[in-house]
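Accompanying notes for the structure given below.
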There are 2 protein chains.
Amino acid sequence: MSRVDERELESSRVATWLRDAILDGVRDPGSKLIERDLAAEFGVSRVPVRDALKMLDGEGLVELRPRTWAIVREFTAADLADLDEVRQVLDPMAFRLAAERHRRDGLELLRVALENEQESARVDNILVSRRAAADFHEIAVQLADNQLLSDLMGTIRSRLRWSLVQHDDLKHIADEHVALYEAVRDRDGDRASALAFDHVESSIRERLAHAVAVRAEATRTVAN
Amino acid sequence: MSRVDERELESSRVATWLRDAILDGVRDPGSKLIERDLAAEFGVSRVPVRDALKMLDGEGLVELRPRTWAIVREFTAADLADLDEVRQVLDPMAFRLAAERHRRDGLELLRVALENEQESARVDNILVSRRAAADFHEIAVQLADNQLLSDLMGTIRSRLRWSLVQHDDLKHIADEHVALYEAVRDRDGDRASALAFDHVESSIRERLAHAVAVRAEATRTVAN
DNA sequence: GATCAACAAATGGTATTCCATTACTCTAAA
DNA sequence: TTTAGAGTAATGGAATACCATTTGTTGATC
């Protein structure tokens, strides 16, 4: 039942394994990623590991320097700011197009994801809610029906997932998603676009508040 | 003098070779890319060829299906439309940020690229002018000082280069670049953004006109 | 004549091996 | 004690070999 799909490539499995390890914090930013070690650890040869590292490099999760070991990408505040700026143009575009172009079955998928998100946010199931929120975004991008946009979003997906760990006002996010859904459903591109912009702005504000809270907590701890 | 840099990776050289072959039309869209053949043709083993195909897959120039041969990506009208839509949000963003953040030495680079473009457009040097126009865009993206934006633009650079082959009103492009440069120089983000949007729109119109002209020509030829 | 099955050829995925380059360490000299 | 340098270990890049999967073709059957 839970047996792995033999058709999936080893390199993809290694990539998934490594990606989760990095995003779950098992591998520290800046730490070495040595092909031979990873290969031995995962039980494959170096070739699929190389391929996997290439993929993660494309996603921006690892830094692949020529002729020396790769390292886990260190995300800085500047990286987060860059991501926010890009989202501020791509998310409105995605939701505008989704509103203008969605078909009935696609809208239904969006609705289901939204319901999952609301329900899990209501009962404070952080992991499921985060996942559903990510699904909501992803489905909206699909509805936009622009393959290049989907590809670009795919390359920043891991970064996004990483940035989401930074804050967690799930109910607030779910509420904004409700408004976004309604704009898409009503085929109101302008409203969807504006809401998406606001959504990014509010997530930026929330992250800042979160960072301040963490810093205050740290200061308090030091003081004691 | 023109001796190759031995420090550059073999895979990068293969990628450059293949990329140029595809963009120059030496390899037809849809044609097979067989690792063994490419390796023999370029005189290396399959390994760097595999790596190169991975890179070009990331750039959207080749389609890499699992367990069977890769093919040269076939660009459709839909692909061009997708590219235009993405440019309509990323280009304004890039020029707005470039206007707001540029430093003196960066602006100087932009000015030099612009002068090259104007001069070569004046004497109808198509190749140099296209190259300079591409440089102008690329430098502007650098001035925007957003690493993620640079990366995303990098992934669509090959597509852009491909789409540029479709039209060639060089002087018109150069004129619009002059206006863009002035907005950037004046640190007028709003104007730069609006001009960039118009710039994309006019390039879309021009391509359409070009396509219509080509089709009319074809019809005339058939009629004779 | 069309269709499907089986076999053969071709192809990409992976493992193994070797090599050039890089990073580390230890020693000796200032 | 610090620093420069040589020697050594470690690492990624590339070549080669082998295997599983896919594709193309041929022939038999309906």
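Note on naming: letters A, B, ... go to the chains in the order of the sequence lines (proteins, then strands), and numbering restarts at 1 for each one. All values reported here derive from a predicted model rather than from experimental measurement.
Of the candidates D:dG12, D:dG24, C:dT14, C:dT14 carries the atom nearest the A:Leu9 side chain, counting heavy atoms from C-beta on. For A:Ser45, whose side chain is taken as the heavy atoms from C-beta onward, the closest listed nucleotide among C:dT14, C:dT17, D:dT23 is C:dT14. Candidate nucleotides D:dA15, C:dT22, D:dT23 were compared by shortest atom distance to the side chain of A:Thr68, and C:dT22 ranks first. The A:Val47 side chain lies nearest to C:dA15 when the options are C:dA15, C:dT11, D:dA14. Out of C:dT11, C:dT14, C:dT22, the shortest distance to the side chain of B:Trp69 is found at C:dT11.
Around the CZ atom of B:Arg131, the shell of radius 6.0 Å holds no more than 12 heavy atoms that belong to other residues, nucleotides or ligands. For B:Arg65, the CZ atom sits in a packed shell: over 12 heavy atoms of surrounding residues, nucleotides or ligands are nearer than 6.0 Å.
Atom P of nucleotide D:dT23 and atom CD1 of B:Ile71 are separated by 12 Å, given to the nearest angstrom. Rounded to a whole Å, the NZ atom of A:Lys54 is 11 Å from the C1' atom of D:dA14. At whole-Å resolution of the value, CD in B:Glu10 and P in C:dC18 are 21 Å apart. Between B:Glu63 atom CD and C:dT11 atom P the separation is 18 Å, expressed in whole Å. Look at CZ on B:Phe42: it is 16 Å from C1' on D:dA15, rounded to the nearest Å. Between A:Arg67 atom CZ and C:dT21 atom C1' the separation is 7 Å, expressed in whole Å.
Not one N or O on the side chain of A:Ser193 forms a donor-acceptor pair closer than 3.5 Å with the backbone of A:Gly189.
Of the two residues contacting DNA chain C, namely A:Arg36 and B:Pro66, the nearest-nucleotide position lying further toward the 5' end is that of B:Pro66. Heavy-atom nearest nucleotides on DNA chain C were determined for A:Arg65 and for A:Arg46, and the one closer to the 5' end corresponds to A:Arg46.
Proximity of B:Val112 to B:Glu108: side-chain heavy atoms (C-beta onward) are separated by under 4.5 Å at one or more points. Residues A:Asn146 and A:Met93 form a side-chain contact, since some pair of their non-hydrogen atoms from C-beta on lies under 4.5 Å apart. Contact check for A:Asp79 versus B:Leu148: no side-chain heavy atoms found under the 4.5 Å cut-off.
At a non-hydrogen distance threshold of 4.0 Å, A:Leu33, A:Ile34, A:Glu35 from residues 28-35 of chain A come into contact with DNA chain D.
For B:Arg50, a side-chain nitrogen or oxygen approaches OP1 or OP2 of C:dG13 to under 4.0 Å.
Pairing each heavy atom of A:Ala94 with each of A:Ala144, the nearest pair is O-CB, 3.6 Å.
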